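Worksheet for the structure shown next.
Just so it is clear, the model here is predicted, and its values are computed rather than measured.
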Amino acid sequence: MKTTMAHRKSLLVLSLILAFWISFTVFHNSREKWTALKWPDSLPHWNFIGKPLCTEAPQCPIVSAAETDLKIRKILEKLDQLIPLRPFTYMNTTTSAKHSKATILNPQDTYCQGDQLDVLLKMRDHLGQRKKYGGDFLRARMSSPDLKAGASGNVTDFNNGTYLVSFTLFWEGQVSLSVLLMHPSEGASALWRARNQGYDRVIFTGQFVNGTSQVNTDCALALNSSAELCRYLNAEDQEAFYCVRPPHISCAALTHMHSKNKDVSYLTQQERTLFERSNVGVEIMENSNVIHVTKCNTKTIPMKEKCKPGMLSTIPSGHVWKYTWNPVSCSLTAVEMKDCLRGKLVYLVGDSTIRQWIEYFKTSINTLKSVDLHESGKLQHQFAVDLDRNINIQWQKHGYPLIGSMVYSVKEIEYIARAIDRTGGDKNTVIVISLGQHFRPFPLDVFIRRALGVHKAVQRLLLRSPDTMVIIKTENTREMHSDVERFSDFHGYIQYLVIKDIFQDLNVGIIDAWDITIAYGSNEVHPPQYVIRSQINIFLNYIC
């Protein structure tokens, strides 16, 4: 009896020791990862390796900081080749839409629906001289406004001043062709060089609260300051955000943030003339842009399979007809939203273009009720439920940088990769990710690093929960003429290419919002409701 009691006491002591050790370890690791630290240097340092979230290979792929840096360099090198340096001395030697010539190859009085129509572009400068190199940023689109129809065109750059623009004639009727010179090659080169020169086009103001007092200080992705800095660290992916530490106030007292554009430019005065309103998005095909398409092909069109993740991406990826999106490689069916979402847990993570989704769901499903999370502002975490159908939809903003003139809370801010890491996942869990717009004013390595971090988190999720559905919504086009150096669609297009390249090896669904918004002719950072409806229809077909 005494021996049994002694054994029980020993086991109890061991249990207490084990519990204490686990608690200490969790607390210690938590402090290592999340505490805002003093960081005296003016620029981020990535000379550390984030601790892995799991330890058993091959279930948990571990990528070191050095490997991530190498991937970033390789992507930037590829883009440097895609966007070669094109300095210029005079405006007259840059590409001119007015003097360039567009020729329809093999012109006909009428064309057959389903055929391809090719347009050859020969680019000239403002003096009428032929351009001898490529790199112009072009946007091709065909449309029939009366039919509410549109599609993008595929542009091939021969790198000698000529381009081939190919249109697939998806529908019959009168079709208008358009090729816009968004930026000449010299402008694209200037934007690329300027983008990667500085972090200070946008200045952030952090609000620290200490009791009843409030102090505002400068914050940024990189701060050139001799003052003591707070470093808010995402150690897993070697990312950080900095604020000047207010005197005698803890770094943990940061509660709110807002931003404004800074009066800084990395373009020369001469380069800035390329981005005046009259020089952005100029039509090349003004004189021969209407063709007639008839339904003259009698061959049977094979049935396309239902859209699902992992399908081949095409250019264009589809077309709009009567304001409805029709993909090229698969078919969309009508899906009853309430039935499709029954029992689903949907995480919408990213920027305000994916926040539009939860707002659409709430207006479309009258039984979906918002839950008050006692936050405020447009960037507040949103949560909506339908208890009868067990529908749970959430939206949360991505981590820094978040650009907004209105004050927003940062107390609950979280990087997308960390949100994915804390998700268990199952066959009824869907995660939709959207990144891009807020990264345009900053050097591209910031965006690439974030995308790689999200990729690694999705990879970990799919290893532990292969049934979880992950969908990447690419960013969309936006206003052409506002604040071009910071927010040009040229920056967005480069990020669009990066996202497609990084996620091509994973079994995730892609919603090509870039191509969809070009087809619709939408040039708004927040596309109209009918565009959102088309995106959500693809989403519903993916998950049901």
Side-chain angles (χ1 to χ4, degrees), residues 73-106 116-142 152-168 177-196 267-268 270-271 274-275 279-285 313-317 444 448 477 480 484 488-502 504 514-515 518:
R73 283 199 301 273
K74 285 184 175 179
I75 293 172
L76 288 172
E77 286 169 4
K78 283 201 294 188
L79 290 169
D80 280 333
Q81 294 173 0
L82 185 69
I83 318 163
L85 188 63
R86 301 291 186 205
F88 69 101
T89 308
Y90 304 105
M91 179 73 176
N92 284 342
T93 62
T94 65
T95 311
S96 163
K98 180 180 178 180
H99 290 88
S100 297
K101 186 176 181 183
T103 303
I104 296 177
L105 301 181
N106 303 313
Q116 180 173 300
L117 182 147
D118 293 323
V119 178
L120 184 67
L121 301 180
K122 293 183 178 180
M123 311 305 277
R124 296 180 180 273
D125 63 22
H126 290 267
L127 299 173
Q129 301 297 314
R130 278 288 306 277
K131 295 294 294 289
K132 296 201 165 54
Y133 50 83
D136 297 304
F137 183 45
L138 305 173
R139 177 174 297 169
R141 180 175 182 258
M142 53 183 275
S152 68
N154 185 23
V155 179
T156 302
D157 184 350
F158 294 116
N159 297 310
N160 60 1
T162 61
Y163 301 80
L164 185 68
V165 183
S166 300
F167 295 99
T168 301
L177 305 180
S178 167
V179 180
L180 299 180
L181 177 63
M182 300 296 291
H183 304 307
S185 51
E186 296 82 6
S189 173
L191 286 175
W192 177 240
R193 189 206 74 248
R195 175 175 184 173
N196 294 304
L267 298 170
T268 66
Q270 187 179 43
E271 287 170 340
L274 294 174
F275 307 111
N279 294 324
V280 176
V282 186
E283 183 62 66
I284 297 175
M285 296 192 67
S313 176
T314 61
I315 302 175
S317 61
L444 189 66
I448 298 172
T477 57
M480 288 186 194
V484 176
S488 167
D489 272 345
F490 173 76
H491 299 316
Y493 179 66
I494 297 302
Q495 292 177 174
Y496 166 72
L497 295 179
V498 168
I499 281 287
K500 293 213 303 183
D501 183 66
I502 287 175
Q504 64 181 334
W514 188 266
D515 195 54
I518 290 177

Query raised in the report: Donor-acceptor pair, D489 side chain versus M480 backbone, under 3.5 Å?
Result: no
Listed pairs under 3.5 Å, donor-acceptor, residues 120-127 side chains, sequence neighbours left out:
unit_1, atom_1, unit_2, atom_2, d
R124, NH1, G128, O, 3.0
D125, OD1, L127, N, 2.9
D125, OD1, G128, N, 3.0
D125, OD1, Q129, N, 2.9

Report summary line: On a heavy-atom basis, the closest approach of A97 and I284 is CB-CG1, 3.9 Å
Query raised in the report: Nearest 0.5 Å, what's the CG-CG distance between D118 and N154?
Result: 9.5 Å
Query raised in the report: Counting N and O atoms only, with roles assigned by atom type, does the side chain of E283 sit under 3.5 Å from a partner on the main chain of V179, one being a donor and the other an acceptor?
Result: yes
Query raised in the report: So which of T103, L180, V119 actually passes side-chain contact (heavy atoms from CB on, under 4.5 Å) with M285?
Result: V119
Query raised in the report: Looking at A140 and V165, what are the two nearest heavy atoms and their distance?
Result: CB-CG1, 3.5 Å
Query raised in the report: Measuring from N160:CG to R130:CZ, what's the distance to the nearest 0.5 Å?
Result: 7.0 Å
Query raised in the report: Would you say the side-chain atoms of Y133 pair up with the backbone N or O of R86, donor to acceptor, closer than 3.5 Å?
Result: no
Query raised in the report: Are any non-hydrogen side-chain atoms of E186 and K131 less than 4.5 angstrom apart?
Result: yes
Query - Residue pair M142 / L117, side-chain heavy-atom distance below 4.5 Å - result: no
Query raised in the report: Can you name the closest pair of heavy atoms from S152 and D515 and give their distance?
Result: OG-OD1, 2.5 Å
Requested in this report: Using atom types as modelled and distance alone, determine if a side-chain donor or acceptor of D157 lies under 3.5 Å from a backbone N or O of G135.
Outcome: yes
Query - Heavy-atom check, side chain of W192 versus side chain of I494, under 4.5 Å - result: yes
**Report entry** Rounded distance (nearest 0.5 Å) linking atom CG of L105 with atom CG of L164
**Finding:** 6.5 Å
Report task. Drop me the distance from I499's CD1 to Q504's CD, to the nearest 0.5 angstrom. Result -> 12.0 Å
Report summary line: Here the gap from I502 atom CD1 to L497 atom CG, rounded to the nearest 0.5 Å, amounts to 11.0 Å
Query raised in the report: Between S96 and L181, what is the shortest heavy-atom contact and its length?
Result: C-CD2, 4.3 Å
Report task. Could you check V498 against L79 for side-chain contact (heavy atoms from CB on, under 4.5 Å), going step by step and ending with a plain yes or no? Result -> CA-CA 9 Å; V498 168; L79 290 169; 4.1 Å; yes
Query raised in the report: Which distance, rounded to the nearest 0.5 Å, do you find between the OG1 of T156 and the CD1 of I315?
Result: 8.5 Å
Requested in this report: Please step through side-chain contact (heavy atoms from CB on, under 4.5 Å) for the pair L274 and F88, ending with a clear verdict.
Outcome: CA-CA 11 Å; L274 294 174; F88 69 101; 3.6 Å; yes
**Report entry** Over all atoms of both residues, closest heavy-atom pair of G134 and S185
**Finding:** O-CB, 3.2 Å
**Report entry** Set of side-chain hydrogen bond (donor to acceptor under 3.5 Å, both in side chains) partners for K98, sequence neighbours left out
**Finding:** none
Query raised in the report: Which heavy-atom pair separates L191 from V484 by the least distance, and what is that distance?
Result: CD2-O, 4.1 Å
Query raised in the report: For F275, which residues count as a ring pair (Phe, Tyr, Trp, His ring centres under 6.0 Å) partner, sequence neighbours excluded?
Result: H183
